[in-house]
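Here the structure is a predicted model, which means the values were calculated and not measured.
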Amino acid sequence: MAKENIQAFWGDLYQQLYAANDAALSPELLERQIDALEDLFRIREQSCVVEMPLQELAGKNVLEIGSGAGGHSCIFKRHGANVTAVDITPERVASTSAKLSMLKGGTGNALQADAENLPFDDASFDIVYSNGVLHHSTDTERCIAEAMRVLKPGGLVVIMLYSRVSAAFMFNIWPRGIVTGEMFRWPEAEWVGRLTEGKPVFGDTRNPITRVYSRKQMEALFGEFEILSLRKWSFQFDNFCIPRLTQIRRWVLTRLGFGLHPGGTIVYGQPIVPETAIERWLGAYLGFGWTVKALKPGAVKKP
């Protein structure tokens, strides 16, 4: 039942954030949106452009686990990768597939699959990438073991999971867990899930699972890999438990001259104000994202 609830919630969120944009897409518009998205990711210092070796992707077999609406996979395809994108939610698979078929560069296909049981042979991919997905699984450890299995020896993994020592968790999610009483009614992964990723609109299924990790827990999760880097990032001034703080941040920053970036449309559902320089600096200490870059043991030269 948990996996059906995962599909239901993330399908609902797809309808909220991406359906309207997808309906209006053309190949020309998609090309412009991917240009904007890659630029936004460089400003945000997102894993897709920091840890991923974009200039070395041509001809590489890249697996994205949890493709969402397909923006990340599209960037990899445009850099010449042979992209395989999987997601457990049918709507998101269809969205990713449609975008990959429109886009120039490399090759790309999308299919529905469970990250805990990937339908691929051992040692199939040069790179496995996942951004903000595996902490929503019923068994995150199994997902990481599957990433290890399908990766070639010496292959690269780039995975982002949520950080426990972060402003978003300590000063927003945790206080709301106390105030709402959710913390006292559910195991941690379930109450954190119910308080993150938004609310359903087209159904009544709440986000079933969200996990958060300390540095020690991240190192243990990826203990079978050779960790190259473990970077914390993704802090914004709205990561605190204050009503309407997201709207306040947006209003203040736009009045100060920080413009809305169109790259947000394809992955966040609307243009966003990227992190400011001070937010990016604070992200190294209080960010909600942990990105691990690591190698599967083997003889292949490091990227």
Side-chain angles (χ1 to χ4, degrees), residues 8-21 36-37 40-41 43-46 68-69 71 131-132 135-136 160-186 188-212 232-290:
F9 175 77
W10 292 98
D12 190 306
L13 207 61
Y14 166 81
Q15 293 295 328
Q16 293 181 47
L17 297 180
Y18 310 123
N21 184 66
L37 178 62
L40 173 64
F41 280 170
I43 296 170
R44 296 198 66 214
E45 299 179 348
Q46 211 273 351
N131 182 76
H135 46 229
H136 298 305
M160 188 276 270
L161 302 174
Y162 286 157
S163 170
R164 178 178 298 276
V165 182
S166 61
F169 181 71
M170 296 187 299
F171 306 129
N172 187 327
I173 300 167
W174 195 79
R176 286 193 294 124
I178 295 175
V179 171
T180 62
E182 297 280 12
M183 179 185 291
F184 310 109
R185 293 194 287 265
W186 308 91
E188 181 181 272
E190 294 181 39
W191 72 257
V192 175
R194 293 174 67 85
L195 295 176
T196 53
E197 312 300 340
K199 296 180 180 179
V201 171
F202 299 96
D204 56 9
T205 302
R206 301 287 290 271
N207 176 24
I209 298 169
T210 298
R211 307 180 196 279
V212 292
K232 189 181 290 191
W233 64 285
S234 187
F235 167 84
Q236 295 183 345
F237 288 124
D238 59 3
N239 290 167
F240 298 91
C241 189
I242 299 173
R244 300 192 64 80
L245 190 55
T246 296
Q247 292 81 1
I248 293 170
R249 174 188 178 272
R250 183 183 178 111
W251 186 89
V252 170
L253 290 181
T254 54
R255 295 312 183 274
L256 291 174
F258 294 91
L260 293 171
H261 197 295
T265 301
I266 197 168
V267 290
Y268 307 116
Q270 61 180 337
I272 68 167
V273 181
E275 288 89 341
T276 62
I278 190 170
E279 287 174 316
R280 292 194 298 272
W281 179 78
L282 287 169
Y285 306 96
L286 294 173
F288 198 32
W290 273 124

Report task. May I ask you to test the Phe202-Tyr14 pair for a side-chain heavy-atom distance under 4.5 Å? Result -> no
Query raised in the report: Are the side chains of Leu282 and Glu279 in touch, meaning some heavy atoms are under 4.5 Å apart?
Result: no
Query raised in the report: For the atom pair OG1 (Thr196) and CD1 (Ile209), what is the distance rounded to the nearest 0.5 Å?
Result: 11.0 Å
Query raised in the report: In terms of the angle between their ring planes, are His135 and Tyr162 parallel, tilted or perpendicular, with boundaries placed at 30° and 60°?
Result: parallel
Report task. Output yes when Arg206 and Glu197 qualify as a salt bridge under the 4.0 Å nitrogen-oxygen rule, no when they do not. Result -> no
Query raised in the report: Would you say the side chain of Leu286 lies within less than 4.5 Å of the side chain of Met170, judging by non-hydrogen atoms?
Result: yes
Report task. Answer yes or no: is there a side-chain heavy-atom contact under 4.5 Å between Thr265 and Pro271? Result -> yes
Query raised in the report: Side chains of Pro208 and Phe9: closer than 4.5 Å at any heavy-atom pair?
Result: yes
Distance-only criterion, 3.5 Å: show the donor-acceptor pairs between side-chain atoms of residues 237-248 and protein atoms not counting sequence neighbours.
from: Asp238; atom 1: OD2; to: Thr246; atom 2: OG1; distance (Å): 3.1
from: Asn239; atom 1: OD1; to: Gln236; atom 2: N; distance (Å): 3.0

Report task. Could you tell me whether the side chain of Arg44 reaches within less than 4.5 Å of the side chain of Ser234, counting heavy atoms only? Result -> yes
Query raised in the report: Does the Lys232 side chain pair with the main chain of Val165, one donor and one acceptor, at a distance under 3.5 Å?
Result: yes
**Report entry** Side-chain (Asp12) to main-chain (Gly203) donor-acceptor, under 3.5 angstrom
**Finding:** yes
Query raised in the report: Do Glu275 and Ile43 touch side chain to side chain, with heavy atoms closer than 4.5 Å?
Result: no
Query raised in the report: Can you list the residues that meet the salt bridge (Lys or Arg N to Asp or Glu O under 4.0 Å) rule with Arg185, with sequence neighbours excluded?
Result: Glu182
Query raised in the report: Only one of Trp233, Trp290, Phe288 forms a side-chain contact (heavy atoms from CB on, under 4.5 Å) with Met160, so which one is it?
Result: Trp233
Query raised in the report: Heavy atoms, side chains only, cut-off 4.5 Å: are Trp174 and Met183 in contact?
Result: yes
Query - Option passing side-chain contact (heavy atoms from CB on, under 4.5 Å) with Thr210 (candidates Val192, Ile173, Leu195) - result: Val192
Query raised in the report: Once you round to the nearest 0.5 Å, how far does CD of Gln16 lie from CH2 of Trp10?
Result: 10.5 Å
